[in-house]
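Let me begin by presenting the structure, written as structure tokens, before commenting on it.
Along the sequence shown, residues carry numbers from 1. Quick note: numbers below take in every heavy atom, side chains included, and nothing from hydrogens, waters or symmetry partners.
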Amino acid sequence: LLKLVESGGDSVQAGSSLTLSCEAPVYVHASYCMAWVREAPGKEREGVASMSPGGVWALYTPSVQGRFAISRDDAKNTLILQMNSLKLEDTGTYYCAARQTSGGQCPLMVDSYEMWGQGTRVTVSS
């Protein structure tokens, strides 16, 4: 039974925007670190953005800093990734991930996350 369910992936042109969503169980959304991880074709999974419970801390990988924004919609128990100015290299499968928090910022280290969604595909073309 999947606990994290992503949606919003699409095929778009470079420069476009997309919004990804990840619906999580109430207890996960309320108290777990949550992150977006992407897997580009032929590459290892990469942590893109993370957010602490309550949205106190947000962390981004340098390649998306200033273009992507992670947020939480508490009313819908949903993690959101707003992606702007998409580039070809943003192409990949985007996964929502969660882990129990140890306080402070939530890591971008992929191996530290214990709960995963099925992924949603983002394709950026020129």
Side-chain angles (χ1 to χ4, degrees):
L1 179 65
L2 292 175
K3 294 184 177 181
L4 304 177
V5 181
E6 303 97 332
S7 62
D10 204 350
S11 296
V12 297
Q13 289 191 321
S16 300
S17 297
L18 269 180
T19 303
L20 304 184
S21 298
C22 170
E23 187 174 353
V26 173
Y27 76 95
V28 172
H29 182 83
S31 60
Y32 279 45
C33 278
M34 297 190 72
W36 288 99
V37 174
R38 69 184 175 194
E39 184 172 4
K43 296 186 178 180
E44 294 185 353
R45 291 189 181 186
E46 169 194 30
V48 173
S50 67
M51 178 159 273
S52 61
V56 176
W57 297 101
L59 192 62
Y60 299 91
T61 193
S63 64
V64 308
Q65 184 80 42
R67 299 189 297 122
F68 290 10
I70 189 171
S71 62
R72 292 178 182 247
D73 184 336
D74 293 337
K76 298 180 179 179
N77 299 316
T78 298
L79 182 73
I80 297 167
L81 185 67
Q82 176 65 44
M83 305 187 295
N84 300 320
S85 302
L86 283 163
K87 302 178 179 181
L88 299 180
E89 53 264 39
D90 293 321
T91 292
T93 300
Y94 283 70
Y95 298 90
C96 180
R99 56 162 280 171
Q100 296 190 50
T101 181
S102 56
Q105 290 183 327
C106 294
L108 292 177
M109 294 179 295
V110 173
D111 291 345
S112 68
Y113 285 83
E114 59 210 27
M115 188 182 297
W116 294 85
Q118 83 288 352
T120 186
R121 180 75 179 170
V122 173
T123 302
V124 184
S125 59
S126 59

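The hydrophobic clustering, which links ILVMFWY residues whose side-chain heavy atoms are closer than 4.5 Å, places V64 and L88 together.
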Return a table of donor-acceptor pairs under 3.5 angstrom between the side chains of residues 48-61 and protein atoms on other chains or two or more places apart.
{"residue": "S50", "atom": "OG", "partner": "C106", "partner atom": "O", "Å": "2.6"}
{"residue": "S52", "atom": "OG", "partner": "V56", "partner atom": "N", "Å": "3.3"}
{"residue": "S52", "atom": "OG", "partner": "W57", "partner atom": "N", "Å": "2.7"}
{"residue": "Y60", "atom": "OH", "partner": "I70", "partner atom": "N", "Å": "2.9"}

Can you give the donor-acceptor pairs under 3.5 Å from side chains of residues 13-24 to other protein atoms, not counting sequence neighbours?
{"residue": "S16", "atom": "OG", "partner": "Q13", "partner atom": "O", "Å": "2.8"}
{"residue": "S17", "atom": "OG", "partner": "N84", "partner atom": "OD1", "Å": "3.0"}
{"residue": "T19", "atom": "OG1", "partner": "Q82", "partner atom": "OE1", "Å": "2.5"}

Atom pairs and distances, side-chain donor-acceptor, residues 30-40, under 3.5 Å, sequence neighbours left out:
{"residue": "S31", "atom": "OG", "partner": "Y27", "partner atom": "O", "Å": "2.7"}
{"residue": "R38", "atom": "NE", "partner": "E46", "partner atom": "OE1", "Å": "3.0"}
{"residue": "R38", "atom": "NH1", "partner": "D90", "partner atom": "OD1", "Å": "2.9"}
{"residue": "R38", "atom": "NH1", "partner": "Y94", "partner atom": "OH", "Å": "3.0"}
{"residue": "R38", "atom": "NH2", "partner": "E46", "partner atom": "OE1", "Å": "3.4"}
{"residue": "R38", "atom": "NH2", "partner": "S63", "partner atom": "OG", "Å": "3.4"}
{"residue": "E39", "atom": "OE1", "partner": "R45", "partner atom": "NE", "Å": "3.2"}

Listing, residues 73-81 side-chain donor-acceptor contacts under 3.5 Å, not counting sequence neighbours, or none:
{"residue": "D73", "atom": "OD1", "partner": "A75", "partner atom": "N", "Å": "3.1"}
{"residue": "D73", "atom": "OD1", "partner": "K76", "partner atom": "N", "Å": "3.3"}
{"residue": "D74", "atom": "OD1", "partner": "H29", "partner atom": "NE2", "Å": "2.8"}
{"residue": "T78", "atom": "OG1", "partner": "K76", "partner atom": "O", "Å": "2.8"}

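More than 12 heavy atoms of other shown residues, nucleotides or ligands fall within 6.0 angstrom of atom CD in Q65.
Screening residues 106-115 for side-chain hydrogen bond (donor to acceptor under 3.5 Å, both in side chains), with sequence neighbours left out, gives R99-S112. Pairs engaging residues 5-17 under the salt bridge (charged side-chain N to carboxylate O under 4.0 Å, His left out) rule: none recorded [sequence neighbours left out].
L4 approaches P25 most closely through the heavy-atom pair CD2-CD, 4.3 Å. A98 and V28 make their closest contact through CB-CG1, 3.7 Å (heavy atoms, listed as atom of the first residue, atom of the second, distance).
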